[in-house]
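Notes follow once the structure below has been shown.
Every heavy atom of this structure was used, including side-chain atoms; hydrogens, water molecules and symmetry mates were not. First the proteins, then the strands, lettered A, B, ... as listed; each starts at 1.
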Protein chains: 2
Amino acid sequence: MADKKSKKIKKNSKEIILMSAKVLFAKQGFELTTVREIAGKAGINVAMVYYYFNTKEELHQNIIDDAFKSFFLSLKEGVGQGKGPKEKIYDVIKVYITFLHHHKDLHRIILRETISQSKHIDMIVKKYISRNFDLVHSIIKEGVQKGAFREHDTTLSTFSLIGMILYYFTYEPIFTRLISPEKRKKSITEFLPDHIFNLFMEGVNG
Amino acid sequence: MADKKSKKIKKNSKEIILMSAKVLFAKQGFELTTVREIAGKAGINVAMVYYYFNTKEELHQNIIDDAFKSFFLSLKEGVGQGKGPKEKIYDVIKVYITFLHHHKDLHRIILRETISQSKHIDMIVKKYISRNFDLVHSIIKEGVQKGAFREHDTTLSTFSLIGMILYYFTYEPIFTRLISPEKRKKSITEFLPDHIFNLFMEGVNG
DNA sequence: AGAGTGATTAAACAAACGTTTAGTTAATTA
DNA sequence: TAATTAACTAAACGTTTGTTTAATCACTCT
């Protein structure tokens, strides 16, 4: 009958911890998020966190790893094979914006980790950020070879393109405040891809 | 003679604290930087920090305030009056890159503060980031009016331009690793402004 | 010379942190 | 059913944190 203080056995505690931690890390960052806080949000005991993860750091790394993996996977699957360079670039922009729009928390975590210059950052950078970059870079290089794009430093333009996109999410609260009321009603995924694609292709010259 | 444990009176302790704190906040962030650490780097007692600043937070705010002020000032002074929109945009790019290149620590602090969603962020955003944005935005709007730039959403292109620039500094360690060896020898202020200017004007279309 | 003032110090404070311990309960196996 | 294993808990551990206290030193002014 009545469950008084009965110990309920949940089999998915580990996943609940990961979910709670992801939200809190994204909102407050690694240092400002307490292990007790994570446990509290997950509705479990503090020690359970250490039952599944050796340290707070390990839990954090786990989340970052997942974030990067899913990002790269989306990008790889979202870019249509057999298309021309211009269409591929449009796909890249679309996937980047769509993914980040639906995983704002992950973008925050990635960005934070990039700034923090932790010991593990080097491994993470090599493993994931560079993979995303290389994928976009190879498309642009292909475009130059085939004459779709003009001759230029493709490393720099790849960086510029990704930078244009990421900046919207990095400074999203400011962005939302500044755009026109009509566009504020729409989703960012509707109008932003076309704008960035046009700008990257044609520039603003009149 | 010999100064044993003599108390030396330094009149510039406050400035030394500010300098030390700036470096440490930039490198490690607010939470990871200890008041004892700041005092240690400054070569003074911990209590001296609280002699000049009420809290660690107040010291931090002081540094951020200075950072934003000097940034906006550089921008305002660096953009030539009486020039055409295109030349002004080039100036903007040049000043942004030059300033950030010489104040990498400040950029890190600003970025960190933007992500952190602290209570004071709203005031800071309104006060400074928007001011920089408005300055650039007004130049682009002027360019469209005068026919120098094509008709387009100028809010979005302003965001894109600033994003392109800032991204290089946000992800600088990755960037340095990826650019060509010849460019790595040069300073970023030499080749980056022209690249971004050309890209923003003409795009990559072949 | 001595009172007054600002700069500086060592030492302590309570609170919060990540982590560990030792034990309890529920489920599984034999 | 008894023994074993996995899931869970309350309480404590030592350390570090931001901050305060009370006293000391160096200097200026009369």
Side-chain angles (χ1 to χ4, degrees), chain A residues 1-25 27-64 109 112-113 116 118-120, chain B residues 1-25 27-64 109 112-113 116 118-120:
Chain A
M1 309 287 114
D3 47 354
K4 280 195 171 187
K5 272 189 178 179
S6 70
K7 285 185 185 176
K8 308 157 198 163
I9 298 292
K10 311 159 199 160
K11 296 181 178 172
N12 50 349
S13 289
K14 190 176 180 179
E15 281 161 37
I16 297 174
I17 292 171
L18 278 167
M19 279 173 55
S20 305
K22 192 170 89 173
V23 174
L24 290 170
F25 281 147
K27 199 183 286 179
Q28 312 170 339
F30 179 76
E31 296 90 10
L32 237 54
T33 302
T34 313
V35 180
R36 284 171 179 81
E37 203 178 355
I38 295 170
K41 189 179 177 66
I44 52 131
N45 191 279
V46 205
M48 282 305 291
V49 177
Y50 290 91
Y51 183 71
Y52 290 110
F53 305 93
N54 288 320
T55 61
K56 181 189 176 188
E57 178 76 32
E58 187 182 305
L59 169 60
H60 190 230
Q61 286 294 331
N62 234 291
I63 290 167
I64 291 175
I109 292 176
R112 238 188 266 271
E113 188 69 6
S116 75
S118 75
K119 316 136 208 163
H120 301 116
Chain B
M1 303 296 112
D3 46 352
K4 281 197 173 187
K5 272 188 178 181
S6 70
K7 284 186 187 177
K8 307 154 197 163
I9 298 292
K10 311 157 198 162
K11 297 180 179 172
N12 50 348
S13 290
K14 190 176 179 178
E15 280 161 38
I16 297 175
I17 292 170
L18 278 168
M19 279 173 56
S20 305
K22 192 170 87 173
V23 174
L24 290 170
F25 281 146
K27 198 183 285 179
Q28 313 169 338
F30 179 75
E31 296 89 11
L32 237 55
T33 302
T34 313
V35 180
R36 281 172 181 81
E37 203 177 355
I38 295 170
K41 190 179 175 68
I44 51 130
N45 191 277
V46 206
M48 281 306 290
V49 177
Y50 290 91
Y51 183 73
Y52 290 111
F53 305 93
N54 288 319
T55 61
K56 181 190 177 188
E57 178 77 33
E58 187 182 306
L59 170 60
H60 190 229
Q61 286 294 331
N62 234 291
I63 290 167
I64 291 175
I109 292 176
R112 236 186 267 271
E113 187 70 8
S116 74
S118 75
K119 317 136 209 164
H120 301 116

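A residue-by-residue look at N45(A) and R36(B) shows that N45(A) has its nearest nucleotide of DNA chain D further toward the 5' end. Residue whose closest nucleotide on DNA chain C sits further toward the 5' end, between V46(A) and V46(B): V46(B).
Regarding Q28(B), its CD atom lies at a distance of 11 Å from the P atom of dT17(D), rounded to whole Å. Put simply, NZ on K14(A) is 14 Å from C1' on dA7(D), counting in whole angstrom units. Note: CZ (F30(A)) to P (dG18(C)) measures 8 Å, nearest angstrom. In this structure, the NZ atom of K56(A) is 13 Å from the C1' atom of dT16(D), given to the nearest Å. Regarding E37(A), its CD atom lies at a distance of 8 Å from the P atom of dC17(C), rounded to whole Å. Straight-line distance from the CG atom of L59(B) to the P atom of dT17(D): 16 Å, rounded to whole Å. In this structure, I16(A) atom CD1 and dA7(D) atom P are separated by 13 Å, rounded to whole Å. The interatomic distance linking L32(B) (CG) with dT17(D) (C1') rounds to 12 Å, in whole Å.
Both the sub-6.0 Å distance and the 45° axial angle are not jointly satisfied by K14(B) relative to the ring of Y51(B).
Here S13(B) reaches the OP1 or OP2 of dT8(C): one of its side-chain N or O atoms lies under 4.0 Å away. Proximity of Y50(B) to the phosphate of dT20(D): no side-chain N or O atom is located under 4.0 Å from OP1 or OP2. Between Y51(A) and dA7(D) there is a side-chain polar atom (N or O) within less than 4.0 angstrom of OP1 or OP2. Look at T34(B) and you won't find any side-chain N or O under 4.0 angstrom from OP1 or OP2 of dT16(D). For Y52(A), a side-chain nitrogen or oxygen approaches OP1 or OP2 of dC8(D) to under 4.0 Å.
At a threshold of 4.5 Å between non-hydrogen side-chain atoms, the residues K56(A) and F25(A) count as touching.
Which of dT21(D), dT19(D), dT9(D) sits closest to the side chain of A47(B) comes down to dT21(D). You'll find that the side chain of M48(A) is closest to dC8(D), out of dC8(D), dT19(C), dT8(C).
Once rounded to the nearest 0.5 Å, the distance linking CD1 of I16(B) with CD1 of I38(B) reads 14.0 Å.
Across L59(A), V46(A), I17(A), a single residue satisfies side chain to side chain contact (heavy atoms under 4.5 Å, CB included) together with V35(A), and that is V46(A).
Side chain of K22(B) to backbone of I109(B): no donor-acceptor contact under 3.5 angstrom is found.
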